[in-house]
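Quick note on labels: first sequence line is chain A, next is B, and so on, each numbered from 1. This is a predicted model, so every value here is computed, not measured.
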Protein chains: 2
Amino acid sequence: MSVLIVGSTALDSIKTPSAENPRLLGGSASHAAVAASFFSPVNLVGVVGEDFPPRYIQLYKRHKIDLQGLQILPGKTFHWSGEYEINMNNRRTLLTELGVFETFTPTLPASYQAAPFVLLANIAPGLQHHVLNQMRKPRFVVADTMDLWLNIALQDLLKLIPRLDGFVLNDSEAHQLTQEDNIFAALKKIHKLGPKYVIIKKGSHGSILSGPKGFFICPAYPLHKVVDPTGAGDAFVGALMGHLATSKGPVDKNIRRAMIYGSVVASFCCEGFGLTRTTKITRALIEKRVKGLEALTRF
Amino acid sequence: MSVLIVGSTALDSIKTPSAENPRLLGGSASHAAVAASFFSPVNLVGVVGEDFPPRYIQLYKRHKIDLQGLQILPGKTFHWSGEYEINMNNRRTLLTELGVFETFTPTLPASYQAAPFVLLANIAPGLQHHVLNQMRKPRFVVADTMDLWLNIALQDLLKLIPRLDGFVLNDSEAHQLTQEDNIFAALKKIHKLGPKYVIIKKGSHGSILSGPKGFFICPAYPLHKVVDPTGAGDAFVGALMGHLATSKGPVDKNIRRAMIYGSVVASFCCEGFGLTRTTKITRALIEKRVKGLEALTRF
C-alpha cells in the first residue's frame, strides 16, 4: 500500500566541525520519502523553486517516488542552514528562507487522495491540516513536528493532534508540550490529546512507543561515528510508515518492527551528509542491521 | 556463590524539590549489598563510626549480609549531603565528611578472601586496590567509579582498570576518561585499558554492555515518577553481581540477564528515598519487572 508524505522539500546547507556542505537535498519530506521508498510506494507532496537542481528530481525518481504532488513554482526553494557543535548533539539554525513554501497550499492529485497511510512530516501544522483535509479515508495518519511549531503555531498543532492516529516528537518537544520532565508522565498527557500511538524520539538513546499494548523501548543502532544527524528523525518516521504500509495485519501487530526499521534507516542517515548515505543503501543492508538490533537486545 | 562488596557505608542527607531526608542509610556498598542480597550471599567490607544507628546494622542483617568485614571505629560515619534539581537529573553535593573513611585500610576476614565474585563499588581507587590485593583468586572482578576519582585519583584508577574483568561507569565519566563524545568510540578506548567487559550507565536511558559477544543494549525500567535516584547505579551493579554469582555457567552467557536484574533493582531504588523502597521489595516483585522488560523490548 502507498504512503502519502507531505513535508518540507528543501536545500540544506550544513556546517559541522569537520566540513561544510552547501545546498544538499534536504527537508523532512525528502528524508522521509527516501526512507519510506525502501518498503512501499510513496506519494510526495511538496514545493520547490525554479532553482531546485534537476539532479534532485532524478534522485526522487530513482527511488520511484511519485512526484505528481511536487510543484515547481517561480521563486526560491526553501533553504535551511545550520551548524552542529563538536558533539553533534547541539544544532544552531543559521538561516531559514521559506521561499516558495511561504504561500504553499497544495491541491492533492486525485490519485493521492486514497492513500491509506498518511505521514504529515515536519512542516507548519496549518499545512498538515490542509493536506489531511483532502484525504478520503486514510487508514493510519501520523504527524511529526518540531519545537518551532510549538513556539509559533501551538494552537494549530493542538487542533491537529486529535485528528492523528500517531504523533511523533522528540523528548525535549514532549517536555515543552506537556511541562512534564518524566517521559512516561509526558506520554500519558499526550495520549489525552487524542492519539492512540505516541512515539518519543531520543536520538542516540533510541525511541519509546506508547500504544494500546503498552510501551515499546526501541533501541538506536550503535554508530561509532555520526557524520550528520540532520533528517534522522524524518528518516525514522518515513521508514516506519513505509514498513507499516507494506506489512500485513493490524498496525498494533506491526508497529514495533516498523520502528526497528525506522531506527535502522535513521542510523544510515546519520552516516553521511544530507541524503548521501541513505540513497546508497539497499534492502539487504537494512535487513542486516535489523538482525543486528535483534542480537543487541536479546537476553 | 558469594559476592564480596567493598565501597562506602554512609549516612546520606538528601534534599529534593519536594522533601528533605536527613541521615538515611546510604553509600555505594550499602546500595550494592542490599541489591545483591536478593540473589546471593554478600560479604560486606566497610567502616562506620560510633554514630552509626543500630537500626541500619539490623537492616543489613535482615538482608543476611555478612558483616564480619564492617568495622565500627571511633569517630564519625562518612556523611554525604546532596540536593537534586526539579528534574532529578542534576545533583549538587552540599557536603562530604569522610569521617572514619579517611584512614580506612581494612584487613579482610579470612572467610572473605576466597569470594569468587568481587565488586569494588564506588570508593577511592586506592582502597579498591587494597581490597583486591587481599583476594586469593577471584573469578570475576568488577569496579564502579565516579567523576571525583577521575578528578583527584586518576593515576590510581588507571592502575586499577587493567586488573578488572569488568568496569562500570556512567556516560559522562566515560567521556571524561576517554575524551570521546561517541559512546561506542569511548567503549573501544576503555577496552584498550584492559577490561573484557565495559558497562556504561545512562540513567533513565538504560545501559550498554560491550564484551566478547559485542554490545548489549539494556533498557531502563519505565518509571512514571523518580523519587530519589541516589544509589541507583550502585543498586544496578550490586544486583548484576549478585545475579551473576547465582547463575550457572560462564559469565558471558549470563551477563546480559544479570544486567536486566540490575536495571530492575535500580528502578525500585529510584522509587523511594535512600534504601526505603529497595528494602521492601521481594524476589517476586523483581521477577515481575524482569518479565515486564522482556515484554517492553520484544519485537
Side-chain angles (χ1 to χ4, degrees), chain A residues 17 84-90 171-172 175 179-189 200 202-210 213-227 243 253-263 267 270 290 292-299, chain B residues 17 84-90 171-172 175 179-189 200 202-210 213-227 243 253-263 267 270 290 292-299:
Chain A
Y84 284 90
E85 283 177 20
I86 188 93
N87 65 8
M88 307 303 286
N89 287 326
N90 297 320
D171 41 4
S172 65
H175 298 323
Q179 304 299 315
E180 284 286 352
D181 265 312
N182 181 294
I183 205 169
F184 299 99
L187 279 165
K188 208 173 166 181
K189 279 199 178 172
I200 295 184
K202 304 192 296 169
S204 65
H205 299 303
S207 56
I208 292 177
L209 163 74
S210 174
K213 286 191 179 163
F215 300 124
F216 171 55
I217 300 173
C218 179
Y221 189 85
L223 292 179
H224 285 74
K225 190 171 159 56
V226 171
V227 174
H243 198 268
K253 178 181 146 278
N254 299 324
I255 193 164
R256 290 180 168 213
R257 187 154 276 269
M259 284 175 71
I260 293 290
Y261 279 85
S263 198
S267 75
C270 292
V290 168
L293 275 184
E294 277 170 355
L296 287 166
T297 53
R298 290 289 173 268
F299 58 87
Chain B
Y84 284 91
E85 282 177 19
I86 188 96
N87 65 7
M88 308 303 285
N89 288 325
N90 297 320
D171 43 2
S172 67
H175 298 324
Q179 306 297 316
E180 283 287 351
D181 265 313
N182 181 294
I183 205 169
F184 300 99
L187 280 164
K188 210 173 163 180
K189 280 198 177 173
I200 295 183
K202 306 192 296 170
S204 65
H205 299 303
S207 56
I208 292 178
L209 163 73
S210 174
K213 287 192 178 161
F215 300 125
F216 171 54
I217 300 172
C218 178
Y221 190 86
L223 292 179
H224 286 73
K225 190 171 161 55
V226 171
V227 174
H243 198 267
K253 179 181 145 276
N254 299 324
I255 192 164
R256 290 180 169 213
R257 186 155 278 269
M259 283 175 71
I260 293 289
Y261 279 86
S263 198
S267 75
C270 293
V290 169
L293 275 184
E294 277 170 354
L296 286 166
T297 53
R298 290 288 172 269
F299 58 88

**Asked** When heavy-atom pairs shorter than 4.5 Å are enumerated against chain A, which of B:Leu209, B:Leu293, B:Thr297, B:Leu187 gives the highest number?
**Response** B:Thr297

**Asked** Roughly how far, to the nearest 0.5 Å, is CG of B:Leu296 from CD1 of A:Ile208?
**Response** 9.0 Å

**Prompt:** Which one of A:Pro222, A:Ala185, A:Pro219 has the most heavy-atom pairs closer than 4.5 Å to chain B?
**Reply:** A:Pro222

**Request:** Answer yes or no: are there more than 12 heavy-atom neighbours, outside B:Lys188 itself, under 6.0 Å from its atom NZ?
**Result:** no

**Complete:** By residue number, those in residues 255-262 of chain A with heavy atoms under 4.5 Å from heavy atoms of chain B are A:Arg256, A:Arg257, A:Ile260

**Request:** Could you label the plane-to-plane angle of the B:Phe299 and A:Phe216 rings as parallel, tilted or perpendicular, counting under 30° as parallel and over 60° as perpendicular?
**Result:** perpendicular

**Prompt:** Checking A:Ala220 against chain B: side chain, backbone, both or neither under 4.5 Å from a heavy atom?
**Reply:** backbone

**Fill in**
Under 4.5 Å to a heavy atom of chain B? For A:Lys225 that would be backbone

**Item:** Proximal component of B:Glu180, with respect to chain A [non-hydrogen, under 4.5 Å]
**Value:** neither

**Asked** Measuring from B:Ile217:CD1 to A:Arg298:CZ, what's the distance to the nearest 0.5 Å?
**Response** 11.5 Å

**Fill in**
Highest number of heavy-atom pairs under 4.5 Å with chain B among A:Lys202, A:His205, A:Glu294, A:His175 belongs to A:His205

